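Quick notes on the structure that follows.
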Amino acid sequence: MTFDDPAPLGFASLAVRAGQTRTAEGEHAEPIFTTSSFVFASAAEAAARFSGATPGNIYSRFTNPTVRMFQERLAALEGGESCIATSSGMAAVLATCMALLKNGDHIVSANSIFGSTISLFTNYLSKFGIATDYVQLSDLAAWEAAIRPETRLLYLETPSNPLMELADLPALAALAHARGCLLVVDNCFCTPALQRPLELGADLVIHSGTKYLDGQGRCVGGAVVGDRQRVGVDIYGFLRTAGPTLSPFNAWVFLKGLETLHLRMRAHSMAALQLARWLEAQPAVARVYYPGLASHPQHALAQRQQRDFGGIVSFELHGGRAAAWTLIDNTRLISITANLGDAKSTITHPATTTHGRLTLAERERAGIGEGLVRISAGLEEVADLQADLARGLDRLADA
Ligand SMILES: *Cc1c(COP(=O)(O)O)cnc(C)c1O
């Protein structure tokens, strides 16, 4: 079974079947190929592989069968021609930039992206003559104004972390292409189960497999999906040379994670929506940020662009940092950790953790208040999650 078969398969079928090839052993599940190198039948075959005259495995920094199965499955789910797996989500961002950019090029990025990505752009790519300007995610005019003749990439995440703001992907894709740029979307929060950026006009999709693709908080890894030339040749070329490749074991965990991705994303979304509606009715809560709420300013865009609204919900408490920490410290079930996309629900205080390195002024500009709390809704019973949060909310009411 390959996803090139003439009858097009639906998402759920691709999630279970795409990319698998069986060995002579006839195994039903996908095997983990824990081997660093591969053997050749003859010196002539080795020479032909090394010269590229015949395809085939040489060394696991270049290709590995388990990694390839994961790549083909994720490519099928994102609707891309090619996928390259990486050792982390950050390695996917780095490989994309190293392969496609050169000294003098320019990036326009949303200012609400993952903190390490901002650090990579600002502190490291800048050393090699690649400059980045940051704009407000939903402000199309700001994106347009920031583009220069040397701009190569428009870079964003949608919805954003932690305020769940959206980018209009077809509008930004049209802008990027009119100005000779590539649109790169980090699809970590939605995954292809909820949003397929390539269909909406994006050129490249970045993943941190660490989050929902794994889905159970076990492995670090990432991927880039896109066209055959940029991903299959250019980014692959950087990766096999520089080496931040995905391990076969982690690839296998992600491969099996993809089989249940759409079911998990539906469950995460249902739980987050129920929590968001419940939180909106709590007197201690000033505001809830969730695209599935009618009160979200981009609710209509979310309905157009996404199949569901995702598992992350943020909310601002009236009582500032003290209230946020009281709520967090009174949980017994929800894990206090900055990670997300796990079967276990997590709770975090962005102002002092994920966004703690920003100055107060930068945080205020970004809308990250001291009373802001972010929850990644897991797969526990929603009633138990509510009870866990109600304990802290009751303390706030008593205070
Ligand atoms: C976690 C994350 C990353 C980085 O991925 P790692 O696997 O931790 O390197 C990139 N983008 C987003 C949106 C993330 O949440």
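Indexing begins at 1, ligand by ligand and atom by atom, following the structure's order. The structure displayed is predicted, hence computed values, not measured ones. Side chains are part of it too, since the values below use all heavy atoms of this structure and drop only hydrogens, waters and symmetry mates.
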Practice problem: Please report the C-alpha distance between S295 and E280 in whole Å, then the side-chain angles of each, then the deciding distance to 0.1 Å, and finally whether the side chain to side chain donor-acceptor pair (under 3.5 Å) criterion is met. | Solution: CA-CA 10 Å; S295 62; E280 227 177 12; 2.6 Å; yes
Return a table of N or O atom pairs, ligand 1 on one side and protein on the other, at distances under 3.5 Å, rounded to 0.1 Å.
residue, atom, partner, partner atom, Å
ligand 1, 5 (O), S208, OG, 3.0
ligand 1, 7 (O), G89, N, 2.9
ligand 1, 7 (O), S208, OG, 2.9
ligand 1, 7 (O), T210, OG1, 2.6
ligand 1, 9 (O), G89, N, 3.0
ligand 1, 9 (O), M90, N, 2.9
ligand 1, 11 (N), D186, OD2, 2.6
ligand 1, 15 (O), K211, NZ, 2.6

Practice problem: Look at K256 together with E259 and state whether they make a salt bridge at an N to O cut-off of under 4.0 Å. | Solution: yes
Quiz item: Counting distance only, does the side-chain N/O of S314 pair as donor-acceptor with the main-chain N or O of L163 below 3.5 Å?
Solution: no
Self-check item: Lys/Arg N to Asp/Glu carboxylate O, D388 vs R391, below 4.0 Å
Solution: yes
Self-check item: salt bridge (charged side-chain N to carboxylate O under 4.0 Å, His left out) against R307, all qualifying residues, sequence neighbours excluded
Solution: none
Self-check item: Main-chain N/O of L263 paired to T260 side chain as donor or acceptor, under 3.5 Å
Solution: no
